[in-house]
Amino acid sequence: MTDIRIEFDVTAEMRDGTVLRADVYRPGGTGPWPVLLSRLPYGKQTPMMAVMLDPVAAARRGFMVVIQDTRGRFASEGEWEPWTYEESDGYDTVRWAAALPGSNGSVGMIGVSYFGNTQWMAALSKPPELKAIAPMITWSDPDDGLWTRGGAIELGITVPWSLLQGADTLTRRHATDLDGLVSSITGLVQDFDGLAGGGYGELPAGRFPAFARHDLPELGYERSRREPEWARSCRVAGRHDEVDLPTFQAGGWYDIFSQGTLDNFTAMRRAGRSATLVMGPWSHTNLRNVVGDVNFGFSAHSDFMGMRGRLTDMQFDWFQRTLGDGNGQVLEPDTGKVLLFVMGINQWREETEWPLSRAVDTDFHLRADGSLSLEPPSTAEQPEEFTYDPMDPVPTAGGAVLMTDEFRPGPLDQTAVEAREDVLVFTTNPLAEDVEVTGRVQAVLFAATDGPSTDWVARLCDVDENGLSRNVTDGIVRVRVTPGEPAEHVVDLWSTSIVFRAGHRIRVQVTSSNFPRWDRNLNTGEPEESATTARVARQQLFHDPARPSRIVLPVVPAR
Ligand code: BEZ
């Protein structure tokens, strides 16, 4: 390959006449080449693109690369309405890209997160030339990680994302009015900078005042509540049968969409499609080896992958298998693989399935003496009580978060969280041998509150030999109950793969908030769209033979 030619701002007319613009990278020579297409709202020339997809590297591998600004963003015309047009614009763009000079007529799509979802939406629209997709760190059901989780609002994602996207919207709105532009952007930046200092706490959380203040579209929580049918515009869950394509999913254990990545994979396998899965110890924006406070070893880095080479090269190899390439090389057809990074032992492991059928769901009981025990309570143990004050919520400390930079993702020291009186802690004895947990984790809590609604949060932690506790995975459930009546609540902590090393201890935290990652339940039962007053709740957690609160861990037997 001697050269690469780049054409900027190539126009594509959508079915309603709106013009979208793309940059097209062609390998040297005349082709024809298979096309790799990305459709994103973040600016087709932002440096972030090169981190996720290096178009030059892809062109050198014999792909023609098309990177398009989605509707209403940067070089493309139209109104910015997150998600609304991605299915129809995806269809029109695939067909257009397949017909570009140099294309061999086969299109694959690649990209992360929003532009992982634009792949799914295009695939659901079934353009005949789309032959494969490689969505990475993206969701399946927007009400499991994008807009809400367990019924709580994903405030930590929604608020900064919506404000950040506002910069391009305001720039377009004030294109001919410099003073207006300066004052509107200044106001937006002020709100963004003020989030960690109190801005996240604006109420009502479900009609977040800053969005109206700047007249900006939001990520979609609010619109999906007003127009439930519209939520379909970025929901993949329930529609996988409609996608008859091979897929390559990649995600991270500390990614905000880790469960979505796994769910998309399992649904595609269930539908009988070839599906590949790669799960690293990564967060949404960090595919390197140090995530949060933990160095998982250089093998974990997505540019190394334990000597397998760069993740992007794995994706290019996969596209070469599924689409062929313009360099005339033919590789074996893809049959679908599973590659998991097992934290704790910090090793990649090849598997053939997810979830692992050899994992055994094992109950670890939350006991009144603070132990986490394989033994269920044999007599009625005293319930534990704590006070949950929404005006003094448990602060977010790590996890699968994507928030303003004050809130780092990944495994972090939990000392300050665990010192609080509104956080109950249950811990095993030091482990005599390694215990591997790989799969989906659930907490079953028998609990009561003295109001009509509250939240239950459960967090799995790894406590090292020095007593330092770090979060592994967590979840929340928002419940409506009869005040004072005990009820069973299941908290979905999503999935992980970790070996708790011999000498470490397994810990579970139980509490009622994780703010500002999730909006606070104000304990009044009022809708999130209007609730602005809070009440303090008295919480009870039960541990007795009839109400055995527990965490269910998928334990993988040693081979
Ligand atoms: C992303 O594209 O990274 C993204 C999309 C929606 C919410 C948060 C992040």
Side-chain angles (χ1 to χ4, degrees), residues 38-53 67-74 80-86 90 109-122 133-149 152-169 192 195 200 208 211 216-224 230-231 233-237 249-252 254-261 264 280 282-287 302 396 399-405 407-410 494 516-519:
S38 257
R39 307 190 56 253
L40 76 163
Y42 303 127
K44 56 190 164 57
Q45 282 156 10
T46 53
M48 174 195 171
M49 268 308 301
V51 178
M52 304 304 184
L53 164 68
I67 304 178
Q68 186 188 60
D69 285 333
T70 49
R71 184 180 287 243
R73 304 295 290 167
F74 297 87
W80 165 231
E81 283 184 39
W83 323 120
T84 306
Y85 299 100
E86 304 311 3
M109 290 185 77
I110 187 165
V112 302
S113 201
Y114 192 110
F115 43 123
N117 187 259
T118 56
Q119 298 174 51
W120 281 112
M121 289 302 125
I133 59 172
M136 194 162 149
I137 53 170
T138 195
W139 59 95
S140 181
D141 181 348
D143 278 311
D144 192 27
L146 177 70
W147 297 327
T148 60
R149 172 94 181 264
I153 303 173
E154 288 281 5
L155 199 71
I157 298 175
T158 288
V159 172
W161 188 90
S162 306
L163 294 182
L164 274 179
Q165 306 324 311
D168 182 54
T169 311
F192 187 81
L195 288 177
Y200 281 116
F208 199 74
F211 305 153
L216 292 175
E218 43 80 48
L219 180 62
Y221 165 80
E222 296 182 18
R223 184 162 182 188
S224 63
W230 171 86
S233 54
C234 71
R235 175 169 284 128
V236 189
Q249 339 268 335
Y254 287 96
D255 173 35
I256 50 172
F257 304 131
S258 68
Q259 193 59 47
T261 299
N264 285 331
W282 309 312
S283 71
H284 198 65
T285 49
N286 178 358
L287 307 187
S302 61
T396 299
V401 298
L402 174 68
M403 299 174 63
T404 45
D405 288 349
F407 297 93
R408 286 189 299 138
W494 285 5
R517 175 187 180 175
W518 290 310
D519 77 313

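Order of appearance sets the numbers: ligands from 1, and atoms from 1 within every ligand.
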- prompt: Looking at residues at least two apart in the chain, or sitting in another chain, which of them share a side-chain hydrogen bond (donor to acceptor under 3.5 Å, both in side chains) with Arg235?
  reply: Asp141, Asp143

query: If you count the atoms of ligand 1 from 1 in the order shown, which ones are under 4.0 Å from a heavy atom of Leu146?
result: 6 (C), 7 (C)

Which of the ligand 1 atoms, numbered from 1, are nearer than 4.0 Å to a heavy atom of Tyr42: 1 (C), 2 (O), 3 (O), 4 (C), 5 (C)

query: Taking distance alone, with no angle check, do Trp83 and ligand 1 share an N/O pair under 3.5 Å?
result: no

task: Using a strict 4.0 Å cut-off to heavy atoms of Leu219, name the atoms of ligand 1 that fall inside it.
output: 6 (C), 7 (C)

- prompt: Short N/O distance, under 3.5 Å, between Trp161 and ligand 1?
  reply: no

query: Is the NZ or CZ atom of Arg223 both under 6.0 Å from the centre of the six-membered ring of Trp83 and within 45° of that ring's axis?
result: no

Test item, Phe115 contacting ligand 1 (heavy atom, 4.0 angstrom): no

field: Any N or O of Tyr114 closer than 3.5 Å to N or O of ligand 1
entry: yes

query: Have Ser140 and Asn264 got a donor and an acceptor in their side chains that come within less than 3.5 Å?
result: yes

query: Below 4.5 Å, heavy atoms only, C-beta onward: do Pro516 and Thr396 meet side chain to side chain?
result: yes

- prompt: Short list, please: which atoms of ligand 1 are under 4.0 Å from a heavy atom of Ile157?
  reply: 7 (C), 8 (C)

Any residue meeting side-chain hydrogen bond (donor to acceptor under 3.5 Å, both in side chains) with Glu154, in chain and number order, not counting sequence neighbours: Trp518

query: With atoms numbered from 1 as shown, which atoms in ligand 1 lie under 4.0 angstrom from a non-hydrogen atom of Leu402?
result: 8 (C), 9 (C)

query: So Leu53 and Phe115, side-chain contact (heavy atoms from CB on, under 4.5 Å) or not? Walk me through it.
result: CA-CA 11 Å; Leu53 164 68; Phe115 43 123; over 6 Å; no

message: Would you call the rings of Tyr114 and Trp80 parallel, tilted or perpendicular, taking 30° and 60° as the class edges?
response: tilted

